[in-house]
Amino acid sequence: MAAGIAPLAIGASYDATGGYTATLLVCAALTAGCAVAFLTLPAPYVPAGVVDPTTKQNRPIANAVPTSTLREADDTRP
């Protein structure tokens, strides 16, 4: 939605101010706010039953390593 509205808003800002400086400062502030919000997200939820096969202990999904890949499973070369 923002990708559709942004060109109109930036064009209107250029027409009103004669430059892009104010619009770029607003975009930079919004980007910084999004970065701060992203960095303050909580850790992902780890459902029960996610077990590391090497240690037999629960581990976060973000650290999970697949035991095989689709390429290895479909590879018919010798």
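Keep in mind the model is a prediction, meaning the values are calculated, not measured.
- Through side-chain heavy atoms spaced under 4.5 Å, either directly or across other Ile, Leu, Val, Met, Phe, Trp or Tyr residues, Leu25 is tied to no other residue.
- To the nearest 0.5 Å, atoms CG (Leu39) and SG (Cys34) are separated by 11.0 Å.
- Applying the under-4.5 Å side-chain rule to Ile, Leu, Val, Met, Phe, Trp and Tyr, the cluster around Val26 extends to Leu30.
- Annotation: ring-ring contact (aromatic ring centres under 6.0 Å, His included) contacts involving residues 16-44, sequence neighbours excluded, comprise Tyr14-Tyr20.
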Could you tabulate the donor-acceptor pairs under 3.5 Å formed by side-chain atoms of residues 2-11, not counting sequence neighbours?
none

